[in-house]
Number of protein chains: 2
Amino acid sequence: MKRKPSTEASAAWIRLMRVQSRVLDCVEQDLKRAGFPVLAWFDALMELSRAPNGELRPVELEKQMLIPQYSTSRLIDRLVDEGLAIRRECKMDKRGLFVEITPAGRELYKKMGSAYAVAIEKHVGSKLTDADAAKLCGLLDRLGCACHDTPASPAPVARDAVQAR
Amino acid sequence: MKRKPSTEASAAWIRLMRVQSRVLDCVEQDLKRAGFPVLAWFDALMELSRAPNGELRPVELEKQMLIPQYSTSRLIDRLVDEGLAIRRECKMDKRGLFVEITPAGRELYKKMGSAYAVAIEKHVGSKLTDADAAKLCGLLDRLGCACHDTPASPAPVARDAVQAR
DNA sequence: AGTCACTCGATGCATCTGCATCAATCTTGA
DNA sequence: TCAAGATTGATGCAGATGCATCGAGTGACT
């Protein structure tokens, strides 16, 4: 019944953990050295700037980013503190609110996007052929069926939220 | 000019982040539900129990686990607090010390190992053939090497040469 | 020997995270 | 209509993490 994991499966697990940890670290360090905030901020700004009117309910942001509710709440706190977003009243549901990206937020999003693209190319793109990257995608998808991203996406950088731990 | 990452590379990056986050979460939750501590403890106990005499210098542990120095120091604190390891004097180098796994540590390592193996099989092994797992290993390995620090980036600050650990 | 640069491990501090819980509001159903 | 329950977002608290720095010890060079 409970077959032991094969050596191949174990090896894949170990590499999955180690390689992502290392690659994430490299990318985050590159961005940090360039004076940018953590990737989670970028993800949030991306979701907001894609949303109609540049605004979202926190609960929507939470679903997009796959992070816990309290985490969303505090992320919004920080974005608001930095003037990258504002909280707006939600008239339809007085429990809730809207978070709207500010011009400063859009500007940071844009600049960060370029640096991010460079970092991804440096730490991922340059090490794999497109065909191998596609193969890697296929294999990874089988491990986590929750990633329905269209590879045919025309966007330059990550068009989907990048999970920052 | 900075070449943009291909869509394939971006997709691979996104999946690498999301899938590992998700799989790690699944495995950690399985272990937590069974009453075990976090995986970092297991990793440490594994390194210790593999080492000759069941003891290692913190600096060695740090290299094996790829975590920062202070993180190692505090992980050892917790292991010692739980009676899973002890700190021993190091006569060869009075700056340093040895960390030695205790019988309780070995026992936890063993029990946790079984649960861990089941979880890996469930969340990784069962989803890939051995051949595919091997292919995945090969692709991931190519991402793992050398994150060399090129200060060639046009970014503002290029201060410390922080090496990713 | 004396100096200087370096390694090893610990720790103070600020921040971040996970967990539990809260108040306010909405929805449901009798 | 009103009570019961669910949903939304915030927060107090404990523990974890990142960063910088410290003190002790080592090793090399003069």
Side-chain angles (χ1 to χ4, degrees), chain A residues 21-22 24-33 35-44 48 55-82 85-100 163-165, chain B residues 21 24-25 28-29 31-33 35-41 43-44 48 55-82 85-100 157 159-165:
Chain A
S21 158
R22 184 191 245 272
L24 174 60
D25 206 49
C26 290
V27 170
E28 287 248 40
Q29 289 296 337
D30 276 6
L31 291 190
K32 183 176 288 189
R33 268 195 292 276
F36 289 113
V38 292
L39 279 178
W41 290 30
F42 179 80
D43 295 342
L48 290 176
E55 64 183 14
L56 276 179
R57 296 285 296 270
V59 66
E60 293 302 324
L61 192 54
E62 177 190 331
K63 278 175 201 148
Q64 291 297 320
M65 297 183 63
L66 303 175
I67 58 179
Q69 181 269 321
Y70 55 80
S71 194
T72 312
S73 180
R74 282 164 171 151
L75 176 55
I76 294 169
D77 278 350
R78 288 165 215 144
L79 295 179
V80 169
D81 283 350
E82 295 296 322
I86 53 174
R87 282 187 235 250
R88 305 182 71 81
E89 182 190 17
C90 174
K91 312 209 188 250
M92 304 90 98
D93 185 340
K94 300 262 275 281
R95 289 169 306 185
L97 48 81
F98 279 110
V99 181
E100 183 183 346
Q163 183 70 3
R165 288 188 185 240
Chain B
S21 161
L24 174 60
D25 205 50
E28 287 250 40
Q29 288 297 340
L31 291 190
K32 180 176 286 188
R33 254 180 263 119
F36 289 112
V38 292
L39 280 178
W41 291 30
D43 292 343
L48 290 176
E55 64 184 12
L56 276 179
R57 297 285 297 272
V59 66
E60 292 303 323
L61 192 54
E62 178 191 331
K63 278 175 202 148
Q64 291 297 321
M65 296 183 65
L66 302 176
I67 58 180
Q69 180 270 322
Y70 55 81
S71 192
T72 312
S73 179
R74 282 163 170 152
L75 176 54
I76 294 167
D77 279 349
R78 287 166 215 142
L79 295 179
V80 169
D81 284 351
E82 295 295 322
I86 54 173
R87 281 187 236 249
R88 304 183 73 81
E89 183 191 15
C90 173
K91 312 209 188 251
M92 303 89 99
D93 185 341
K94 300 264 273 283
R95 290 168 304 184
L97 48 83
F98 279 110
V99 181
E100 183 183 349
V157 261
R159 38 185 189 90
D160 51 17
V162 176
Q163 290 290 1
R165 305 213 190 193

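Convention: sequence-line order gives letters A, B, ...; per-chain numbering from 1. Not measured: the values here are computed from a predicted model.
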**Prompt:** For the side chain of A:Leu97, counting heavy atoms from C-beta on, which of C:dC8, C:dT25, D:dA10 is nearest?
**Reply:** D:dA10
Between [atom2] of [N] and [atom1] of [X], the distance in whole Å:
{"X": "A:Glu28", "N": "D:dC19", "atom1": "CD", "atom2": "C1'", "answer": "15 Å"}
{"X": "B:Glu62", "N": "D:dG18", "atom1": "CD", "atom2": "P", "answer": "13 Å"}
{"X": "A:Leu61", "N": "D:dT8", "atom1": "CG", "atom2": "P", "answer": "14 Å"}
{"X": "A:Asp93", "N": "C:dA24", "atom1": "CG", "atom2": "P", "answer": "15 Å"}
{"X": "A:Lys94", "N": "D:dA6", "atom1": "NZ", "atom2": "P", "answer": "24 Å"}
{"X": "A:Arg88", "N": "D:dG9", "atom1": "CZ", "atom2": "P", "answer": "16 Å"}

Polar atom pairs between nucleotides 1-7 of chain C and protein, under 3.5 Å, N or O only, would you list them?
residue: C:dT7; atom: O2; partner: B:Arg95; partner atom: NH1; Å: 2.6

Could you list the residues that satisfy side chain to side chain contact (heavy atoms under 4.5 Å, CB included) with [X], not counting sequence neighbours?
{"X": "B:Lys32", "answer": "B:Gln29"}
{"X": "B:Ser73", "answer": "B:Gln69"}
{"X": "B:Lys63", "answer": "B:Val59, B:Glu60"}

For [X], side-chain hydrogen bond (donor to acceptor under 3.5 Å, both in side chains) partners two or more places apart:
{"X": "A:Asp93", "result": "A:Arg95"}
{"X": "B:Arg88", "result": "B:Glu100"}
{"X": "A:Arg87", "result": "A:Asp77"}

Dump the pairs, protein N or O against N or O of nucleotides 19-23 of chain C, anything under 3.5 Å, distances to one decimal.
residue: C:dC19; atom: OP1; partner: B:Lys32; partner atom: NZ; Å: 3.3

**Prompt:** Hey, does B:Val99 have a side-chain heavy atom less than 4.5 Å from the side chain of B:Leu79?
**Reply:** no
**Prompt:** Say you draw a straight line from CG of A:Leu61 to CG of A:Leu66; how long is it, rounded to the nearest 0.5 Å?
**Reply:** 10.5 Å
**Prompt:** In terms of the nearest nucleotide of DNA chain D, which residue is placed more toward the 5' end: B:Lys91 or A:Arg87?
**Reply:** A:Arg87
